[in-house]
Amino acid sequence: MALEVATGKPERIRVPSSSGARTLALSPDGQHVVFTTYEEGALNDLMYRWDWRTKAAPVRIGNERGFHADPAISPDGQWVYFAHHPRKGGPPGQHEERANAQLYRVRMDGTQLTALTDEPGCHLRPSFRPDGELVYVHTTCSATTKTLHLMREGQPASGPLVSGNLNEPSFAPDGRRLVFVEREDADAVLKEWITAGRPPKTLHRFRLSDSSNARVQYGATARELYFQDDDAVMRLVGPKVTRLFFFASVP
């Protein structure tokens, strides 16, 4: 689903893949969708760029084999950053030994595929700050504790921002704070990080099945958040939560 924040209008994205989209990102101009999908021939998840508006055939970018996930498109629309293992791999905790996903990037036209990290553990969920800095999740895959890290100019910055059983980081439009999802038993907790040395602020707590994502994002400003509660999209403004629509209600 794509949601136009200014009008609150949702639109269904029908990805042209028999396996559906595993992970997906929209370009800043709303023209292109980059998605990953399972391919029988590769026995893994490959990545494609698709002109959503013209409905042209998807174009494979990234590698022709190996695991691809979590695409994030740079603010200038020129690069795709993603989690990748070039030969084998799979989701965290479900991959073969030593098949940890590293961060890669590739141009939107599929050229200049480059590895950005090379260390133990999986590197997941890259997300951009408006100034071009990147935040990503690092996990050892042997424990529930994960850490959030910044990357500047393609180089990982030193030290974690915050740690916990967390995922799905996303920066505010002003770049001064970020929101992430922390799991506490059957609850998903939306937390906001502002600066190092201060504990993250709890914004909202709700029940979310283990197999689901909250997909939390800021709106036009840091005052509002949008997130997925299983089969519905919600908006959070201060303490007030409003259900915007159910997925089944969108044509």
Side-chain angles (χ1 to χ4, degrees), residues 1-13 21 23-30 33 52 70-73 75 124-131 133-137 144-148 150 160-251:
M1 298 289 179
L3 175 67
E4 187 176 309
V5 173
T7 64
K9 179 184 177 182
E11 185 174 354
R12 189 178 295 275
I13 301 175
T23 53
L24 178 150
L26 275 172
S27 62
D29 62 4
V33 171
W52 177 34
D70 303 339
I73 302 173
L124 310 161
R125 298 282 188 172
S127 181
F128 278 97
R129 179 182 267 171
D131 65 4
E133 283 193 343
L134 194 79
V135 65
Y136 64 93
V137 176
T144 57
T145 300
K146 305 177 182 70
T147 51
L148 294 185
L150 283 177
L161 301 180
V162 65
S163 63
N165 187 13
L166 52 82
N167 214 331
E168 305 186 69
S170 180
F171 274 108
D174 62 9
R176 296 178 180 177
R177 60 190 68 198
L178 66 83
V179 66
F180 61 89
V181 181
E182 186 152 15
R183 290 284 186 163
E184 295 181 2
D185 298 322
D187 288 348
V189 185
L190 306 185
K191 293 189 175 182
E192 189 173 61
W193 176 92
I194 298 177
T195 184
R198 292 175 56 184
K201 177 183 177 181
T202 296
L203 302 178
H204 183 59
R205 180 187 300 267
F206 63 107
R207 291 297 176 99
L208 187 68
S209 61
D210 288 341
S211 60
S212 297
N213 293 307
R215 297 187 171 89
V216 59
Q217 298 280 330
Y218 289 95
T221 72
R223 288 188 63 253
E224 59 182 1
L225 286 168
Y226 294 83
F227 65 96
Q228 180 177 334
D229 186 350
D230 284 329
D231 59 352
V233 169
M234 319 292 284
R235 180 173 60 196
L236 174 67
V237 180
K240 183 180 179 180
V241 178
T242 305
R243 181 184 293 112
L244 298 182
F245 61 88
F246 287 102
F247 289 118
S249 67
V250 180

Please confirm whether the backbone N or O of [Y] pairs with a side-chain atom of [X], one donor and one acceptor, at under 3.5 Å?
X: R235; Y: L244; value: no
X: E184; Y: V189; value: no
X: R129; Y: F171; value: no

Candidate pair L178 and L161, rule side-chain contact (heavy atoms from CB on, under 4.5 Å), full reasoning: CA-CA 11 Å; L178 66 83; L161 301 180; 4.1 Å; yes
Reported [atom1]-to-[atom2] distance for the pair [X] and [Y], which is rounded to 0.5 angstrom:
X: E192; Y: T202; atom1: CD; atom2: OG1; result: 10.5 Å
X: R183; Y: T144; atom1: CZ; atom2: OG1; result: 12.5 Å
X: L134; Y: F128; atom1: CG; atom2: CZ; result: 5.0 Å
X: T242; Y: K240; atom1: OG1; atom2: NZ; result: 4.5 Å
X: L3; Y: R215; atom1: CG; atom2: CZ; result: 13.5 Å
X: W193; Y: R176; atom1: CH2; atom2: CZ; result: 13.0 Å

With a 4.5 Å cut-off on side-chain heavy atoms, are [Y] and [X] touching?
X: R125; Y: P169; value: yes
X: S170; Y: S127; value: yes
X: Q228; Y: L208; value: no
X: V181; Y: L190; value: yes
X: W52; Y: L26; value: yes
X: E168; Y: N213; value: yes
X: F180; Y: V216; value: no
X: V137; Y: D70; value: no

Audit row: M1, E11, side-chain contact (heavy atoms from CB on, under 4.5 Å) steps and yes/no: CA-CA 6 Å; M1 298 289 179; E11 185 174 354; over 6 Å; no
Residues which pass side-chain hydrogen bond (donor to acceptor under 3.5 Å, both in side chains) with S212, listed by chain and number, not counting sequence neighbours: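 With neighbours one apart ignored, the set is S209, D230.
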Partner set under side-chain hydrogen bond (donor to acceptor under 3.5 Å, both in side chains) for R223, not counting sequence neighbours: none
Enclosure of R198 CZ (heavy-atom neighbours >12, cutoff 6.0 Å): no
Can you see which heavy atom on [X] is nearest to which on [Y], and at what distance?
X: D174; Y: R177; answer: OD1-N, 4.2 Å
X: V179; Y: Y218; answer: N-OH, 3.5 Å
X: P173; Y: A222; answer: CD-N, 4.3 Å
X: P71; Y: A25; answer: O-CB, 3.3 Å

CA sep, side-chain torsions, deciding dist, call: E224, L236, side-chain contact (heavy atoms from CB on, under 4.5 Å): CA-CA 6 Å; E224 59 182 1; L236 174 67; over 6 Å; no
Summary of ring-ring contact (aromatic ring centres under 6.0 Å, His included) pairs that have at least one residue in residues 221-243, sequence neighbours excluded: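 Those involving residues 221-243 are H204-F227, F206-F227.
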